[in-house]
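Taking it in order: structure first as structure tokens, then the write-up.
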Number of protein chains: 2
Amino acid sequence: MIMKKAQVSRRSQIERTAETQSVLIQAAVRLLATAGYGKTTTQSIAKEAGVTTGALHHHFPTKDDLMLAVLDQSAITVEAKLEAENAMPFTGKASIRDVVDHLWQIYGQPDYWAVWEIIIGTRVDAGVHQRVLEHRAQSMANVMLPWLKRVDSLTGSVTRSDAAEIFEFMLITIRGLSLERFMDKDPAYFERHLSMLADFVSFRLQSLEQQLAHQETKL
Amino acid sequence: MIMKKAQVSRRSQIERTAETQSVLIQAAVRLLATAGYGKTTTQSIAKEAGVTTGALHHHFPTKDDLMLAVLDQSAITVEAKLEAENAMPFTGKASIRDVVDHLWQIYGQPDYWAVWEIIIGTRVDAGVHQRVLEHRAQSMANVMLPWLKRVDSLTGSVTRSDAAEIFEFMLITIRGLSLERFMDKDPAYFERHLSMLADFVSFRLQSLEQQLAHQETKL
DNA sequence: TTACATACATATCAATCGGTATGTAAATAG
DNA sequence: CTATTTACATACCGATTGATATGTATGTAA
């Protein structure tokens with residue numbers, strides 16, 4: 001016990017800062033996801049993190065600063081999950097379902113809803129909302145790039161704008177599904193609709209390919 | 001001017017009640033849709049409605065009561081829009097796009113977001129949230145019924161559970177699309193994805209029919 | 001016209017919001 | 001070991017929250 005106390009008290013300043021900030025961000029994410037933006041107060045965040053509001057405001061002068069830090073952390077987490085996926089192979093129709101599952105694993109995660117709470121919750125505050133949107137646009141581009149590369153290597157004929165459109169559609173549906181988590185739906189419900197989404201994407205890619213092949217034979 | 005004053009002051013009690021409650025509900029919807037649940041306070045609602053908080057609490061003892069009244073009103077509005085659509089014919093693939101457009105006209109309306117603000121905003125309060133969910137389940141059943149009848153009369157072979165699943169998928173995508181309104185997307189973005197959704201539904205219905213036709217020839 | 005109910009306003013409540021001022025403990029530079 | 005900075009706690013601020021208490025205006029039934 002004493003040793004542990006001594007150990008804790010011997011953290012460097014940068015370690016202390018990193019840990020406290022991390023704890024605060026995680027607490028904020030948890031509260032945003034479960035209670036929503038409106039009920040995620042600086043006091044509840046501090047309590048959840050096990051620090052005081054003084055500590056919170058020391059690291060994040062305003063609540064908005066903390067919210068933006070949550071977005072930063074979320075972007076990092078998403079990127080890490082994506083890189084794990086990028087290491088895997090991508091071989092045709094069967095793996096479309098894997099892509100859908102993976103997107104759901106990222107954006108269907110309860111914690112990810114924190115990001116939407118911030119987007120929606122800050123929409124009245126023009127200043128913050130603008131920064132949030134910029135943040136998001138950057139993140140979105142990073143996420144889509146690997147998909148575009150994969151579709152290129154897979155079909156070689158589907159245009160980038162078509163592939164981008166399909167990717168957008170996947171994210172839209174997955175976002176809609178994530179809203180359903182606020183209702184009392186069973187897991188099979190989500191499974192069914194992820195499956196339908198994967199079917200559709202496969203169908204869409206296939207028909208785009210055939211269309212282009214047909215045009216080429218004509219020329 | 002005097003006549004008008006006299007006219008207004010000569011409303012019956014039931015008229016006064018109906019008008020004031022309506023004004024309050026409309027104000028709440030407007031604020032929920034634009035500012036969100038957290039920033040929709042009883043005082044801002046009263047101010048927006050042009051009455052005092054005393055009047056608000058006279059008609060709706062608690063904020064929750066007013067929120068449930070918003071859901072009631074929303075259900076009525078949706079039902080009215082549906083009946084207008086039900087009067088129109090339903091003739092095959094082309095009109096699938098009409099159905100999608102109509103659903104978007106209902107659920108993509110900025111004001112409808114008020115309903116989601118309530119669903120999401122009250123999710124911590126178990127008591128209210130339960131009533132909200134029950135309210136919603138009832139409303140959903142009403143919305144889906146005409147679709148099921150139409151698919152029946154159109155194909156005659158697609159099962160009800162398949163048709164219901166497709167309808168759910170449409171709503172999921174439309175909900176996801178409605179989230180995009182908080183980003184700065186151009187109208188063409190929405191048009192593209194509504195079009196894709198319609199394509200998919202047509203494809204799905206068609207392939208389900210062929211599947212069933214194939215099974216019948218086998219027997 | 002009287003008696004009463006209903007509709008609504010004013011004033012105010014305790015609780016809580018985001019944020020600040022100030023004091024103390026812990027780490028680090030000299 | 002000392003001086004200084006950094007991390008964090010305690011205490012508190014004005015503003016605002018949902019809600020209530022009480023008074024007044026308006027409609028209605030006898």
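First the proteins, then the strands, lettered A, B, ... as listed; each starts at 1.
- When the C1' atom of D:dG18 is taken as reference, atom CG of B:L24 falls 15 Å away, rounded to whole Å.
- With salt bridges taken as basic N to acidic carboxylate O contacts below 4.0 Å, one links B:E117 and A:R123.
- A sub-4.0 Å separation between OP1 or OP2 of C:dA7 and a side-chain N or O of B:H59 is absent.
- Note: A:F169 and B:F169 have tilted aromatic rings, judged against thresholds of 30 and 60 degrees for the angle between ring planes.
- Remark: P of D:dT5 and CD1 of A:I14 are 19 Å apart, rounded to the nearest angstrom.
- Taking 4.0 Å as the cut-off between side-chain N and carboxylate O, B:R160 and B:D152 count as a salt-bridged pair.
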Output a table of nitrogen or oxygen pairs between the protein and nucleotides 19-24 of chain C separated by less than 3.5 Å.
| residue | atom | partner | partner atom | Å |
| --- | --- | --- | --- | --- |
| C:dG19 | OP2 | A:K63 | N | 2.8 |

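- Spacing between atom CZ of B:R16 and atom C1' of C:dT6 amounts to 8 Å, rounded to whole angstrom units.
- When rounded to the nearest whole Å, the span between CE of B:M67 and C1' of D:dT17 equals 14 Å.
- When the side-chain nitrogen and oxygen atoms of A:T52 are compared with OP1 and OP2 of D:dT10, none of them lie within a distance under 4.0 Å.
- Atom NZ of A:K47 and atom C1' of C:dT16 are 13 Å apart (whole Å).
- Note on A:T17: a side-chain N or O is less than 4.0 Å away from OP1 or OP2 of D:dA7.
- When rounded to the nearest whole Å, the span between CZ of B:F60 and P of C:dA7 equals 11 Å.
- Atom CG in A:D65 sits roughly 13 Å away from atom C1' in C:dG18 (whole-Å rounding).
- Separating the NZ atom of B:K39 from the P atom of C:dT16 is a distance of 20 Å, rounded to the nearest angstrom.
- Qualifying side-chain hydrogen bond (donor to acceptor under 3.5 Å, both in side chains) partners for A:E168, counting only residues two or more places apart in sequence or in other chains: B:R192, B:H193.
- D:dA29 is paired with C:dT2 under the Watson-Crick or G-U wobble criterion, all donor-acceptor distances under 3.5 Å.
- Contact between the side-chain N/O atoms of B:H58 and the OP1/OP2 oxygens of C:dT6 is not found at any separation under 4.0 Å.
- Between B:W113 and B:F182, the angle of the ring planes goes over 60°, which puts this pair in the perpendicular group of the 30/60° scheme.
- Residues B:S195 and B:E191 bring no donor and acceptor atom of their side chains to less than 3.5 Å of each other.
- There is no side-chain donor-acceptor pair under 3.5 Å between A:H59 and A:D65.
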